[in-house]
Amino acid sequence: MYKQNAPRSASFNSHYRLIDDIPAIQACYGADGRVDLGAITHLPQGAELAFCGDGFNENTLKVYWEGQFYFVFYNDIKPRAADRPARKPTKTETAKILSASGAP
């Protein structure tokens, strides 16, 4: 579960493949090295994003895709239970499943 004091990026693996197009804001670097907000664009379905950390506010994350940094909205890519891999059943759960199925 997401902890309020943990960075939102901690909710994710290091990479995430988009299941839909999502809006994103380019992260542009000024001459002084500061990050500025660039143009709003859309990242395409199937793009594999690398997470770089928290975004410019509590609703965004910083990601890297095809040589460019972007800020994406957490709600557009937040982990959903259906997207997470199922955990491996414990030995006790496996034994119960096998006994219920009548398997020897």
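Keep in mind that what you see is a predicted model, and the values were worked out from it rather than measured.
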Measuring from atom [atom1] of [X] to atom [atom2] of [Y], what distance do you get when rounded to the nearest 0.5 angstrom?
{"X": "Asp76", "Y": "Thr60", "atom1": "CG", "atom2": "OG1", "answer": "11.0 Å"}
{"X": "Gln26", "Y": "Trp65", "atom1": "CD", "atom2": "CH2", "answer": "10.5 Å"}
{"X": "Tyr70", "Y": "Tyr64", "atom1": "OH", "atom2": "OH", "answer": "10.0 Å"}
{"X": "Tyr16", "Y": "Leu61", "atom1": "OH", "atom2": "CG", "answer": "11.0 Å"}
{"X": "Leu49", "Y": "Ile22", "atom1": "CG", "atom2": "CD1", "answer": "6.0 Å"}
{"X": "Asp21", "Y": "Leu43", "atom1": "CG", "atom2": "CG", "answer": "8.5 Å"}

Nearest heavy-atom pair of [X] and [Y]: which atoms, and what distance?
{"X": "Val63", "Y": "Cys52", "answer": "C-SG, 4.0 Å"}
{"X": "Pro44", "Y": "Leu18", "answer": "O-CD1, 3.4 Å"}
{"X": "Asn57", "Y": "Asn59", "answer": "OD1-N, 2.8 Å"}
{"X": "Gly38", "Y": "Ile25", "answer": "O-CG2, 3.6 Å"}

Exercise. What residue pairs, at least two apart or across chains, pass side-chain hydrogen bond (donor to acceptor under 3.5 Å, both in side chains) with a residue in residues 37-50?
Worked result: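 Qualifying pairs: Arg17-Glu48.
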_Can you tell me how the ring of Phe71 sits relative to the ring of Phe56, calling it parallel under 30°, perpendicular over 60° and tilted otherwise?_
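The arrangement is perpendicular - the two ring planes meet at more than 60°.
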